[in-house]
Amino acid sequence: QVQLVESGGGLVQPGGSLRLSCAASGTIFSFNAMGWYRQAPGKQRELVAVMSNGGRANYADSVKGRFTISRDNAKNTVYLQMNSLKPDDTNVYYCNAVIGQSSYWGRGTQVTVSS
């Protein structure tokens, strides 16, 4: 059993920052990849950032240079540092982990960027 729990979302003004956390628990030996996705109401879920087991990171063009993904292997936790936030960043953000051949999702955390 694997569970992912996101935290750190909230309301922030444009230009502000937030740090999201995703803690994984359960029977985990290694991660093939962990990442962040987001989905606004009525929209498709899209990739924000992903990190492979070897530490290689990839970002959506819309967040490149503003967001940074990181991982604490000892705590089975992945983070997303979000800077220079824009109203278009308003979304529910979901944590994802690929373990073996299975993909797991958290329930999401709301990020709202508004003045």
Side-chain angles (χ1 to χ4, degrees):
Q1 296 292 112
V2 176
Q3 292 183 321
L4 305 177
V5 180
E6 303 99 333
S7 62
L11 175 64
V12 65
Q13 293 185 332
S17 298
L18 286 172
R19 186 193 188 213
L20 306 183
S21 299
C22 173
S25 62
T27 305
I28 304 170
F29 295 97
S30 64
F31 294 92
N32 295 104
M34 293 190 72
W36 291 93
Y37 293 72
R38 64 188 183 185
Q39 186 172 26
K43 303 292 185 179
Q44 290 185 272
R45 189 170 298 185
E46 64 174 339
L47 172 70
V48 177
V50 63
M51 178 174 285
S52 69
N53 180 266
R56 181 180 180 183
N58 291 291
Y59 299 90
D61 288 341
S62 60
V63 307
K64 194 173 298 181
R66 299 187 297 120
F67 292 8
T68 302
I69 187 171
S70 61
R71 186 176 67 202
D72 186 333
N73 290 332
K75 296 182 178 180
N76 290 325
T77 300
V78 65
Y79 305 92
L80 185 68
Q81 179 66 46
M82 305 186 294
N83 299 324
S84 301
L85 284 162
K86 305 174 180 179
D88 286 348
D89 295 320
T90 295
N91 265 303
V92 177
Y93 284 72
Y94 297 89
C95 179
N96 171 255
V98 178
I99 304 171
Q101 298 185 59
S102 300
S103 182
Y104 301 89
W105 294 92
R107 295 186 180 275
T109 184
Q110 176 70 46
V111 172
T112 302
V113 184
S114 176
S115 60

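Bear in mind that the values here come from a model prediction, so they are computed numbers and not experimental data.
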Undergrad: Could you pull out all residues at least two apart from Gln3 that satisfy side chain to side chain contact (heavy atoms under 4.5 Å, CB included)?
TA: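 Gln3 satisfies side chain to side chain contact (heavy atoms under 4.5 Å, CB included) with Ser25 once adjacent residues are dropped.
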
Undergrad: Report all side-chain donor-acceptor pairs from residues 94-103 shorter than 3.5 Å, counting only partners two or more places apart or in another chain.
TA:
residue: Asn96; atom: ND2; partner: Ser103; partner atom: OG; Å: 2.8
residue: Asn96; atom: ND2; partner: Tyr104; partner atom: O; Å: 3.0

Undergrad: Among pairs that include at least one residue of residues 40-51, which meet side chain to side chain donor-acceptor pair (under 3.5 Å), considering only residues two or more places apart or in two chains?
TA: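 Residue pairs with at least one partner in residues 40-51: Arg38-Glu46, Gln39-Arg45.
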
Undergrad: Name all residues meeting the ring pair (Phe, Tyr, Trp, His ring centres under 6.0 Å) criterion together with Tyr37; count only those two or more places apart in sequence or in a different chain, and write none if there are none.
TA: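 Tyr37 satisfies ring pair (Phe, Tyr, Trp, His ring centres under 6.0 Å) with Trp105 only.
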
Undergrad: Would you give the length of the straight line joining atom OG1 of Thr68 to atom CE of Met51, rounded to the nearest 0.5 angstrom?
TA: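 Going from the OG1 atom of Thr68 to the CE atom of Met51 covers 9.0 Å.
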
Undergrad: Using the test side chain to side chain contact (heavy atoms under 4.5 Å, CB included), find all partners of Val50 that sit at least two apart in sequence or belong to another chain.
TA: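 Applying side chain to side chain contact (heavy atoms under 4.5 Å, CB included) to Val50 gives Ala33, Leu47, Asn58.
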
Undergrad: Can you name the residues that form a salt bridge (Lys or Arg N to Asp or Glu O under 4.0 Å) with Lys64, not counting sequence neighbours?
TA: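 Scan of Lys64 (salt bridge (Lys or Arg N to Asp or Glu O under 4.0 Å), adjacent residues dropped) gives Asp61.
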
Undergrad: Taking only residues two or more places apart in sequence or in another chain, which ones pass side chain to side chain donor-acceptor pair (under 3.5 Å) with Ser17?
TA: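 Applying side chain to side chain donor-acceptor pair (under 3.5 Å) to Ser17 gives Asn83.
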
Undergrad: Taking the hydrophobic residues Ile, Leu, Val, Met, Phe, Trp and Tyr, and joining any pair whose side-chain heavy atoms are under 4.5 Å apart, which ones share a cluster with Leu11?
TA: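 For Leu11, no cluster forms, as it stays isolated from other hydrophobic side chains.
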
Undergrad: Sequence neighbours excluded, which residues qualify as side chain to side chain donor-acceptor pair (under 3.5 Å) partners of Arg66?
TA: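 Applying side chain to side chain donor-acceptor pair (under 3.5 Å) to Arg66 gives Asp89.
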
Undergrad: If you link I, L, V, M, F, W and Y whenever their side-chain heavy atoms are under 4.5 Å apart, who else ends up in the same group as Tyr79?
TA: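 Tyr79 shares its hydrophobic cluster with no other residue.
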
Undergrad: Could you note down all residue pairs passing disulfide (SG to SG under 2.5 Å) where residues 48-93 supplies at least one of them, sequence neighbours left out?
TA: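 Counting only pairs at least two positions apart or across chains, no disulfide (SG to SG under 2.5 Å) contact touches residues 48-93.
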
Undergrad: Return the set of residues passing side chain to side chain contact (heavy atoms under 4.5 Å, CB included) with Ala23 (not counting sequence neighbours), or none when no residue passes.
TA: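 By the side chain to side chain contact (heavy atoms under 4.5 Å, CB included) rule, Ala23 matches Thr77.
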
